[in-house]
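What follows is a set of notes on a single structure, which appears directly below.
What you see below is based on every heavy atom in this structure, not just the backbone, and it leaves out hydrogens, waters and symmetry mates. In what follows, every chain begins at residue 1, and chains take the letters A, B, ... in the order their sequences are listed.
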2 protein chains.
Amino acid sequence: MGRSMATARDVAERAGTSTAVVSYVFNNGPRPVSAETRRRVLEAAAELDYRPNILARALSAGRTYSLGLLIPQIRNPYFATLAEHLENFARQHDHLLLIGDSAGDPEQESAHIGSFIERKVDGVVLVSLLVEPAIQRFAAAGVPVVALHPVPEGVTVSTLSIDYVAAAEASTDHLLSHGYRTLGVVTGPEDSPGTSEHRRGIEWALEKHPRASARYVACPVSRFAARDAVQPWFKQKRPPRAIYCSTDEQAFGVLFAAWEAGLRVPEDVAVMGFDGTSECTVTIPPLASVRQPIEETARRAVELLLDRSNTQAARHVLDYELIPSTSCGC
Amino acid sequence: MGRSMATARDVAERAGTSTAVVSYVFNNGPRPVSAETRRRVLEAAAELDYRPNILARALSAGRTYSLGLLIPQIRNPYFATLAEHLENFARQHDHLLLIGDSAGDPEQESAHIGSFIERKVDGVVLVSLLVEPAIQRFAAAGVPVVALHPVPEGVTVSTLSIDYVAAAEASTDHLLSHGYRTLGVVTGPEDSPGTSEHRRGIEWALEKHPRASARYVACPVSRFAARDAVQPWFKQKRPPRAIYCSTDEQAFGVLFAAWEAGLRVPEDVAVMGFDGTSECTVTIPPLASVRQPIEETARRAVELLLDRSNTQAARHVLDYELIPSTSCGC
DNA sequence: TTGTAAGCGTTATCAC
DNA sequence: GTGATAACGCTTACAA
């Protein structure tokens, strides 16, 4: 029982028809089937509890009904939330989501890319450490990709993201409008996608506030790395009055470092995150941030990948939302 | 280029042999191959950049080289960490890890179970909401399972976990040994696996401290739900002096609720978590907890599932470690 | 030690 | 509208 599933052949025999017709019924095509025959097939299938063998289907039809998600770190709540939403939308379309967590390691990322190609996923949602090689390999294998971060000009791929430069500028503006003059900036690694966009937005904002100055530090996107990265600032006589973080994950580490150094947030140092995960509402104190439209991103990413007519690489821009909260001082 | 991969047939032709031998070489069996022939096959394979088609292999051999992980919530850092380690070990054994996140919803859990069975995973690591139905379905489909939580007596399945009762007792003992007399206990839902083990351990500890009393609340395993669940306590004139949480995830919400209510941790209220994720080291204040051996659990789970000789259901018990920290008052 | 050929369970072409 | 039948690419008896 359950040991060996019924096959299309069994259903065909019981319905007094052929395996071809069984296939036509279950796929609504490519040939038409009379109402009466269809009924008999569905009845037989129900009686035998027939479920098409996905593996056989994949081998024959060349589609696996699976999507890949490649991310730097599943422990980052932003990516965990993204994965949740993508999984929901993928399931609604009868697809399985494969999650490839690189854990910040390009080698693991590379292994996942190979794995996704090998398993012939129908499409990949990409948040990559090393954007260009990843895109090259998927392109060479004919796997559709949607990237969720900025990608260098000239690289042909669909992207789906907010305007990072504008969001960074708005966020910095918001911080500086409190009158804070000294800014600390925590970004991801120099070469990681998005870092230069954050910088550019921050610099644009700084131009409008000539008395403000900024110092920068780049570190891995982890709360632990960020804590370590800002500790030296907090030991100085004059720590930055406000800290801009390019991810919430890093901001979590900054909040801790401030607490550890005996600095009050926001009275002594203001902090701003980026991503706007719901975890921000229960940090101590609640974290101001820039909300990314995670659910909409997930919905559209799945649509883009599964819409097989859509073969154009396009750059889609979504809206962000500035979320002030206790940590920024308002 | 990359469009259509080389097949075993191509390799066989180029090496002047048959597809059978190609298969023997790539699987190290089941028939022996002479050194010379093996060399020619490998050479031809390298020249053609041949990679066996995993789908075809799965269909033919009945193994998919994939493992499933079924968890209640990927956003919980404990499960995210578990997923990371499992993925690493699975990859070391050339297996892919499929993550099924139920998001606390039995219907989603059920859908994932169906999906894992349908895709014929070679084994499943189970952290389930509804243990028995899950185990039934996998058993009926002939899928090996390792459960990472307590499972009712009489259910035949391998388990791999710490002794929850003993750990809960030790943790409660530790709290009470500070002299705290009033204890608040936050557990997961009444019917979720583990809850009764936590309760039992706590009660054993309470018996040794006759002047101590406890009040209980059950809530979903989420920091948000836990925050809401303990808020009423913190509004009372005499909140519990110490709070035991059956997961770190819930303890995170308790720390926030205490802060929000103006209570100091640990001066006004002590807090203990459970799971011992590294996130505990950067909460405000750092969270005392019971460390689960996540990496070892992951390693052994993969070994158990892939060791095909091992068909016995056994209950494996791992060691936990009590981790005192600021939040408990020592 | 190697080759032939029959599956694995679909899909889809092509003839009826 | 329907039914044979040849793929899909691999594994593995069985024969040589």
Side-chain angles (χ1 to χ4, degrees), chain A residues 3-42 44-45 48-66 94 117-120 122 141-142 308, chain B residues 3-42 44-45 48-66 94 117-120 122 141-142 308:
Chain A
R3 222 74 256 232
S4 60
M5 287 288 300
T7 72
R9 176 184 224 78
D10 301 327
V11 175
E13 273 173 15
R14 185 171 248 263
T17 177
S18 73
T19 64
V21 170
V22 174
S23 171
Y24 300 152
V25 168
F26 274 83
N27 299 319
N28 287 315
R31 311 271 68 177
V33 176
S34 74
E36 166 57 14
T37 309
R38 155 172 270 107
R39 197 193 55 66
R40 288 210 320 279
V41 167
L42 290 175
L48 297 172
D49 191 29
Y50 166 73
R51 338 277 267 109
N53 180 320
I54 297 201
L55 271 41
R57 186 212 292 267
L59 180 60
S60 176
R63 289 190 61 184
T64 54
Y65 290 84
S66 65
D94 288 314
I117 292 174
E118 207 169 32
R119 306 229 45 145
K120 308 214 187 307
D122 297 340
R308 326 196 74 228
Chain B
R3 223 70 253 237
S4 60
M5 287 289 299
T7 72
R9 176 183 224 78
D10 300 328
V11 174
E13 272 173 16
R14 184 171 248 264
T17 178
S18 73
T19 63
V21 171
V22 174
S23 171
Y24 301 151
V25 169
F26 274 83
N27 299 318
N28 287 316
R31 312 273 67 171
V33 176
S34 74
E36 165 58 11
T37 309
R38 156 173 268 108
R39 197 193 55 66
R40 288 212 318 281
V41 167
L42 290 175
L48 296 173
D49 190 30
Y50 167 73
R51 339 275 268 110
N53 180 321
I54 296 202
L55 271 38
R57 183 212 293 264
L59 180 60
S60 174
R63 289 190 62 185
T64 54
Y65 289 85
S66 64
D94 287 315
I117 291 174
E118 205 169 33
R119 315 236 32 145
K120 306 212 187 309
D122 296 341
R308 326 198 70 231

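- For B/R9, the CZ atom counts as loosely surrounded, since its 6.0 Å shell holds 12 or fewer non-hydrogen atoms of other residues, nucleotides or ligands.
- Heavy-atom minimum distance, B/T37 versus B/T17: CG2-OG1, 4.5 Å.
- The separation between B/N28 atom CG and D/dT11 atom P is 12 Å, rounded to whole Å.
- Where B/A35 and B/A56 meet DNA chain C, the nucleotide closest to each residue was compared, and B/A35 sits on the side nearer the 5' end.
- Reading DNA chain C from its 5' end, the first and the last nucleotide to sit under 4.0 Å from a heavy atom of chain B are C/dT1 to C/dG9.
- B/T7 comes within contact range of the sugar-phosphate backbone alone, with a heavy-atom separation under 4.0 Å but no base atom that close.
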Would you list the protein and nucleotides 12-15 of chain D atom pairs, both N or O, that sit under 3.5 Å from each other?
residue: D/dA13; atom: N6; partner: B/Y24; partner atom: OH; Å: 3.0

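- Nearest-nucleotide assignment on DNA chain C puts the 5′-proximal partner with B/S34, out of B/L59 and B/S34.
- B/P32 comes within contact range of at least one nucleobase, with a heavy-atom separation under 4.0 Å.
- Rounding to whole angstrom units, CZ of residue A/R119 and P of D/dC8 are separated by 22 Å.
- Counting non-hydrogen atoms of neighbouring residues, nucleotides and ligands closer than 6.0 angstrom, the CZ atom of A/R63 exceeds 12 such neighbours.
- In this structure, B/D49 CG and B/M5 CE are separated by 5.5 Å, a value rounded to the nearest 0.5 Å.
- Rounded to the nearest 0.5 Å, atoms OG (B/S66) and NZ (B/K120) are 11.0 Å apart.
- Within 4.0 Å of B/Y50, counting heavy atoms only, lie sugar-phosphate atoms of the nucleic acid but no base atom.
- Across all non-hydrogen atoms, the minimal contact from B/R31 to B/Y24 is CG-CZ, 3.3 Å.
- Between A/R9 atom CZ and D/dG3 atom P the separation is 13 Å, expressed in whole Å.
- Between B/R57 atom CZ and A/L55 atom CG the span is 12.5 Å, to the nearest 0.5 Å.
- Closest heavy-atom contact between B/S18 and B/A12: C-CB, 3.5 Å.
- Within 4.0 Å (heavy atoms only), B/R38 reaches no atom of the nucleic acid at all.
- Counting all heavy atoms, side chain and backbone alike, A/V22 lies closest to A/Y50 at CG1-CE2, 4.3 Å.
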